There are 2 protein chains.
Amino acid sequence: MAAELPVPRCSVSCYDDCVLPPAKLTGRALADDPIAKMGTLVRYPRGAEIFGQDQPAEYLYQVVTGAVRTFRILTDGRRQICAFHLPGDYFGLEPGDQHASYAFAISDVQAIVTERELVARRADRRRDVAKQLLVIRGKEIQNLQDQTLLLTKTAEERIAWFILQMARRTTSSSTVSLPMPRRDIADYLGVTVETISRTLGQLESAGWIESMSPRQIQLKNQAALIRLVS
Amino acid sequence: MAAELPVPRCSVSCYDDCVLPPAKLTGRALADDPIAKMGTLVRYPRGAEIFGQDQPAEYLYQVVTGAVRTFRILTDGRRQICAFHLPGDYFGLEPGDQHASYAFAISDVQAIVTERELVARRADRRRDVAKQLLVIRGKEIQNLQDQTLLLTKTAEERIAWFILQMARRTTSSSTVSLPMPRRDIADYLGVTVETISRTLGQLESAGWIESMSPRQIQLKNQAALIRLVS
DNA sequence: GTACAATATTGATCTAGATCAGAAACCGCC
DNA sequence: GGCGGTTTCTGATCTAGATCAATATTGTAC
């Protein structure tokens, strides 16, 4: 399952249509981002392990296309999804020098992979690199704050929030793609898959969303969803 | 309620015995910590507001004595405690330039207060300052990861975890002090005060803890608590 | 296309913890 | 010390969402 770092092949995936076209983000990343410029583009096939918990954290990753989940396995066997990483997002910059989570490719993934040590050395000399590292951690803090806030809310609020967040992070059209299976969403929001299903059903009955397929939903009444998460 | 920055007075508090004697931590902070050296010591009386949500985040704080809570007020009126800050802990280094939370003194507090702009300028020139900022954010990420993990667990596990964490963060003796009221613990752990009370009662019946007073408990069977949070 | 496995939905119970209500303990103050 | 407000504890219900169980749908491989 583990993918060696240079994996220069990419199978065709049924989820390819679920993810954001990478063009503009790659452009931004390569132009404005001092770290991405240092790295090399690596491809991971769907389901591949990008890194494992407790492995040495040697690389820093930025998603270019596809979707990545990072998660931890708890002692009771439960799985906690830490985050979903979409094009433009960084992951793998752990507080320690060991990965605190697993990272797997949800769909086929292209990512810019940079040696952490190289980044660290560069940050010593260049302020913009040091600044960028601080910004990456700042974003991660905000995501975690959102997640903790979320975990104190009702299932309906969590799921509405998740849909809106995915809408914001992927295409801005009213069609939201959920590249990950229900199990992942459940483990991220701290509810069961059954609750996800039921609640999506309720939101659809209310006429606020419409499900095209399990991985593709339409926003019919975004304002109502926003009011719900307020 | 808002405390102007130089508040050079300190009333005597009944909670003074609940907090860690500051000597060794202050020593470490001033000696090893390149940021703390830049700041000035400020006192806040119990209950004082240190900063408010949406205020410009001009300062960075490090607790020297006492305890601070940071929290957010949600749109539904509920209060979410973000963190408790004990001697040695930094707070106020927001991802943005506005505070995302309130900070209040739980007991009388002494804190080293440093201008963020000064820190930022210094970080441009000195690698150790830039590094320290990254470390502070790294610690915050770990705390938030712990909290998200916690919020998916049962009330008993959350409370046992909280006691152990407080034991670790304050004196290492078997007596744990909880300087904050039950309401704060409840809002931090995402349970009700009633559940806190009942669960502490259960832990006491099990012979794992013994409550000296509401704010002071003895660990009778630390191993059992650790097994519980595993 | 057909078949099989994985994923998602729907239905019927059960329970941890919320909520509501009140009693007891504690603290600061005079 | 005794008083009044806050904090904590205890008891009785209620409910959101978990769990258990079965069915339906979807995607993949042949």
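Proteins come first, then strands; the chains are lettered A, B, ... in the order of their sequence lines, and each starts at number 1. Remember, predicted model here, so these are calculated numbers, not experimental data.
In this structure, CD1 of Ile159(B) is placed 13 Å from C1' of dA18(C), rounded to the nearest angstrom. For the pair Gln202(A) CD and dT9(C) C1', the interatomic distance rounds to 13 Å; values are reported in whole Å. Taking atom CG of residue Leu178(B) and atom C1' of nucleotide dT8(D), one finds them 13 Å apart after rounding to whole Å. The distance between atom CG of Leu151(A) and atom P of dA18(D), rounded to the nearest whole Å, is 12 Å. Taking atom CZ of Arg182(A) as the reference point, atom P of dG27(D) lies 11 Å away to the nearest angstrom. When the P atom of dA25(C) is taken as reference, atom CG of Leu200(B) falls 17 Å away, rounded to whole Å. The nearest whole Å value for the distance from the CE atom in Met212(A) to the C1' atom in dT26(D) is 16 Å. For the pair Ile185(B) CD1 and dT7(D) C1', the computed distance is 12 Å after rounding to whole Å.
Looking at heavy-atom distances under 4.0 Å, Ser197(A) makes contact with a base. Within 4.0 Å (heavy atoms only), Thr154(B) reaches sugar-phosphate atoms of the nucleic acid but no base atom. Residue Val193(B) is out of contact with every strand shown, counting any heavy-atom pair closer than 4.0 Å.
Under the 3.5 Å distance criterion, with hydrogens and angles disregarded, a donor-acceptor pair is assigned to the side chains of Arg78(A) and Thr152(B). Defined by atom type and a distance below 3.5 Å, a donor-acceptor pair is present between the side-chain atoms of Glu157(B) and Thr154(B).
In terms of polar N and O atoms assigned as donor or acceptor, the side chain of Arg215(A) never comes within less than 3.5 Å of the base of dT25(D) in a complementary pairing. For Arg198(B) against dG11(D), a side-chain N or O and a base N or O form a donor-acceptor pair under 3.5 Å.
Considering only the side chain of Thr192(A), dT19(D) comes nearest among dG17(D), dT19(D), dT8(D). Side chain of Pro181(A), nearest nucleotide from dT7(C), dA18(C), dG17(C): dT7(C). The nucleotide whose nearest atom lies closest to any side-chain atom of Glu194(B) is, among dA21(D), dT19(C), dG28(C), dT19(C). Among dT10(C), dA8(C), dG17(C), the nucleotide with an atom closest to any side-chain atom of Pro214(A) is dA8(C).
Place Ile196(B) and Gly190(A) on DNA chain D by their nearest nucleotides, and Ile196(B) ends up nearer the 5' end. Annotation: of the two residues near DNA chain D, Glu156(A) and Ser211(B), the 5′-most nearest-nucleotide partner is Ser211(B).
A salt bridge links Arg169(B) with Asp89(B): the closest approach of a Lys/Arg side-chain nitrogen to an acidic carboxylate oxygen falls below 4.0 angstrom.
Side-chain nitrogen and oxygen atoms of Arg46(A) include at least one within less than 4.0 Å of the OP1 or OP2 phosphate oxygen of dT28(D). Put simply, Arg183(B) has no side-chain N or O that comes within less than 4.0 Å of OP1 or OP2 on dT7(D). The phosphate of dA18(D) has OP1 or OP2 within less than 4.0 Å of a side-chain N or O from Thr195(A).
The aromatic ring centroids of Tyr61(B) and Phe51(B) lie less than 6.0 Å from each other.
Seen from the ring of Phe71(A), Arg79(A) counts as a face-on cation partner, given the 6.0 Å and 45° thresholds.
For the side chain to side chain contact (heavy atoms under 4.5 Å, CB included) criterion with Val176(B), the lone passing option out of Ile209(B), Leu219(B), Leu164(B) is Leu219(B).
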